[in-house]
Amino acid sequence: MTPTRKKRLILIVAMVVGVGIATALAVTAFNDNLMFYFSPSEVAEGKAPVDHPFRVGGLVTNGSVKRQSDGLTVEFTLTDTRATIPVRYTGILPDLFREGQGIIARGRLNEAGVFVADEVLAKHDENYMPPEVADSLKTAQQGGDVR
Amino acid sequence: MMRFLHKLASPKTFYALSGRIIPWAGVSALLLILVGAYWGLVEAPADYQQGDSFRIIYVHVPAAWMSLFVYVVMAGAGAIGLIWRIKLAEIIAISSAPIGASFTFLALVTGSLWGKPMWGTWWVWDARLTSELILLFLYLGVMALYGAVEDKRTASRAAAILAIVGVVNIPIIHYSVEWWNTLHQGPTVTKLDKPSIAPEMLWPLLIMALGFKLYYVATVLMRARVELLERERNSRWVQEMVEAG
Amino acid sequence: MNELRDFFHMGGYAVYVWTSYGLAAAVLLANVIHPLLQRRRLFALLARRRRRAARN
């Protein structure tokens, strides 16, 4: 490689490294803002903001979903297996909302410690399988021979 | 070896060779995409949770993979063009930009069409979606910068520098779902242990991905040939070709 | 016949699935047509220029 070409190569590498470091610093500084949601245990530890709305993400606890008589308000609890917080939401739920499903709710905590949500999004997981496979997996799990 | 590469990089050889590659790559791409679409839309079973809406992955995932792949090729070719001043590398780099932008656009829109019924929203500003949108702006920026400068060789250098700087966004897109909490789910196929997707659903995805890759090969060469003719319009071999019709 | 209707219905997600595939087809096609048109325009331009040069 001729000296001029080597110089250009070094210049380009230096440029990428420099921009990379700057981006890494910026991203670390804004790390909290890049977190799309808090987990229930983070909320329990008081890490979530109190003065403005935030998002909580977790699994809908099995057997916790209660529909109010108005047909639109739902109450359920969100868990990450370490902490659990109660959620109340009025509105239309996404198709994937069900017990045991991961969801993300946006809203704020009231004085009673209930998270009042104005938006609920379903977070689907990275697993794709036909229904029959899911069924047989479930039966196997109930039989206790998985995990 | 070096002499072979030099000959390959000569405009006339490249023009003739690419003319022979394009039909093969194009026809195989078309066949693979048709097979992949049929398999994904008809043969693959519906997902246990998402039903038939998951079939969007057969467009969304290959388009998203290609949006990253094409960017790396574009930046790599741009760097080669900058360091060695190889005209052909500059041409490949700039010809990749509109195709990469198309893939990025498709990944964003199909993701949105999937997000509405599944997540319950068209768009959220989570790390994955935001960084992919930045990728689209990088592609558009490269194209705009190239178009704004009159002299094509100067334009190539400016566009290449922007493309190379934007490379830092690629690992951010890829790892965003692991570094931060996002609404977008984690990786399925590239997980180090075995992929968490049923094989009869995975096959059409891989076929579609290969089809998209060959499609890129065919279309980037098509664009590169036109760009090459445009730049070499005063050279003898182009004149002769026009004369021959 | 019913099978075909079910296929187009996509379990109720027809709008989302078919829009995705339709858009993908349109974008992929556009990327093939665009260079072809550009190529034709360039050839026409060069041929015109050559004719003009020959006349003078």
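Note on naming: letters A, B, ... go to the chains in the order of the sequence lines (proteins, then strands), and numbering restarts at 1 for each one.
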Original post:
Is any side-chain N of the basic residue among B:Arg128 and B:Glu132 closer than 4.0 Å to the acidic one's carboxylate O?
Top reply: no

**OP:** Answer yes or no: is there an ion pair linking B:Glu90 with B:Lys152, defined by an N-O contact shorter than 4.0 Å?
**Re:** no

**OP:** Let me know if B:Ile161 has heavy atoms under 4.5 Å from chain A in its side chain, its backbone, both or neither.
**Re:** both

Original post:
Is it the side chain or the backbone of B:Met118 that comes within 4.5 Å of chain A heavy atoms, both, or neither?
Top reply: both

**OP:** Please tell me if the side chains of A:Glu126 and B:Pro187 come closer than 4.5 Å, counting only heavy atoms from C-beta onward.
**Re:** no

Original post:
So do B:Leu113 and B:Trp122 actually touch side chain to side chain, heavy atoms under 4.5 Å?
Top reply: yes

Original post:
Just by modelled atom types, is the B:Ala127 backbone N or O under 3.5 Å from a matching donor or acceptor in the B:Thr182 side chain?
Top reply: no

Subject >> Residues of residues 21-29 of chain A within contact distance of chain B, non-hydrogen under 4.5 Å >> reply: A:Thr23, A:Val27

**OP:** Please state whether the side chain, the backbone, both or neither of A:Arg55 comes within less than 4.5 Å of a heavy atom of chain B.
**Re:** neither

Original post:
A:Met129 versus chain B, heavy atoms under 4.5 Å apart: side chain, backbone, both or neither?
Top reply: both

Original post:
In terms of heavy-atom contacts, does CZ of B:Phe105 have more than 12 from other residues, nucleotides or ligands at under 6.0 Å?
Top reply: no

Subject >> Neighbour count above 12 (heavy atom, 6.0 Å) for B:Trp179 CH2 >> reply: yes

Original post:
Does the cation-pi check pass for A:Lys47 over A:Phe38, that is, NZ or CZ under 6.0 Å from the six-membered ring centre and within 45° of its axis?
Top reply: no

Leading residue by heavy atom contact count with chain A [cutoff under 4.5 Å; candidates [options]]:
options: B:Val165, B:Ile57, B:Asn181, B:Val168; result: B:Asn181
options: B:Gly115, B:Ala44, B:Ala79, B:Ala46; result: B:Ala46
options: B:Leu82, B:Val167, B:Ile172; result: B:Leu82

**OP:** Given side chain to side chain contact (heavy atoms under 4.5 Å, CB included), test A:Val87 with A:Glu75 step by step and report yes or no.
**Re:** CA-CA 6 Å; A:Val87 180; A:Glu75 280 178 3; over 6 Å; no

**OP:** Assess whether side chain to side chain contact (heavy atoms under 4.5 Å, CB included) is satisfied between B:Ser53 and A:His124, documenting all intermediate values.
**Re:** CA-CA 12 Å; B:Ser53 75; A:His124 64 77; over 6 Å; no

Original post:
Relative to chain B, which of A:Ile104, A:Thr4, A:Leu9, A:Leu11 shows the most heavy atom pairs under 4.5 Å?
Top reply: A:Leu9

